[in-house]
Amino acid sequence: MRIFNFSAGPAVLPTAVLEQVRDELLDWHGAGMGIMEMSHRGKDFSGVIHEAEADLRALMGIPSNYRVLFLQGGATQQFAQIPMNLLDGRSADYVVTGAWSKKAYKEAQHVGNVRLAGSTEGDGFSRLPVAHELKLDPQAAYLHVCTNETIHGVEMFDLPEVPVGVPLVADMSSHILSRPMDVSRYGLIYAGAQKNIGPAGLVLVIVREDLLGKASTITPSVMNYTTMADNGSMLNTPPTFGIYLAGLIFKNLKAQGGLAAVEEANVAKAKRVYDTIDGSGGFYRNPVAVECRSRMNVPFTLSDPALDAAFLAEAAERKLVGLKGHKSVGGMRASIYNAMSLEGVEALVALMQDFAARKA
Ligand SMILES: *Cc1c(COP(=O)(O)O)cnc(C)c1O
């Protein structure tokens, strides 16, 4: 029996997709072998990766002057890979709005010259900076943001006003494909797969073509966007199984009606959880400013942390798992990614209301 998995990542995947993977595991489309066992250079896998890219392009409306790369090393490797490829001997700006953008900023300092353009750490990462708080360099090689902070539960619905000619680089790991995004506003988008896309080990990079060809000379070729783009993400063996599974997820999202339909479902799910928190008379609290509360990751605390263990135990009894908050913020976190059903969210809401009614 499947349980309701609220883990922040690796995270829940759609049951129908996993059933298809199971059915095709030993024999993919009559090939007599599974995807994992196939040459990445063969006709069958070429079809898989090309279809995955085409479906992703259709889903996100990716313009033709952007390249789609299927890479390895996770989003964390991108923290270094981005400055290696884009700094071009200049300086880049970072906006720090939570644990992940802070890590990206720190890692980039190993590679080159980066500036802190703004931070909300002083407010416990409970809001986004307003325009006048950002000190943006009009000459920056790029401006880096994290559009959904997975640990602090802060989501960017309005992008900062980027100086003309400065490409915006966004870590979308934990909310990519959760709603329509205007790809043309970004120079580069990246996302680790294990939240909304598929299995860990795959990272997606969507990069505007004019940003290629600027990598520093020490950049290893597997980390160089240009050589990876020139080789169709297959300079070396790509994460074939992850790409196959991601492709099935893209088809599943298309079948749901695309990202506008996915967004509608996500808005409804998030509203149920936040309404429950806000309607609890202070028993549950979410510290994030209302206009930037994440639809994907909902951190919340109980009025008395001594009740945390009992809450988690009752959750486990009801087959709700993965709710313990990140160790840096404590409390709880409900990650309600695309693949979390409304049924799962209703089960969580029922627990929260029932628990509060007994313990408040
Ligand atoms: C999970 C996550 C990462 C790190 O991903 P890894 O694959 O573990 O490197 C980076 N950024 C964000 C926003 C994340 O949610």
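Both ligands and their constituent atoms are indexed starting at 1 by order of listing. Just so it is clear, the model here is predicted, and its values are computed rather than measured. Values below: all heavy atoms of this structure, side chains included; hydrogens, waters and symmetry mates excluded. Numbering starts at 1 and runs along the sequence shown.
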(message) Quick one: does any side-chain atom of N148 pair with a main-chain N or O of M172 as donor and acceptor, under 3.5 Å?
(response) no

(message) Any heavy-atom pair between the side chains of L71 and Q78 that's under 4.5 Å?
(response) yes

(message) For the CZ atom on R285, are there more than 12 heavy atoms of other groups (residues, nucleotides or ligands in this structure) within a distance under 6.0 Å?
(response) no

(request) For E264, look at atom CD and say whether over 12 heavy atoms of other residues, nucleotides or ligands are found less than 6.0 Å away. (result) no

(message) Tell me if the CG atom of D158 is crowded by more than 12 foreign heavy atoms within 6.0 Å.
(response) no

(request) For the residue pair L204 and F70, establish whether any side-chain heavy-atom pair is separated by less than 4.5 Å. (result) yes

(message) Can you list every protein residue that has a heavy atom under 4.0 Å from any atom of ligand 1, sorted by chain and residue number?
(response) G74, A75, T76, F79, W100, C146, N148, T150, D171, S173, S174, Q194, K195

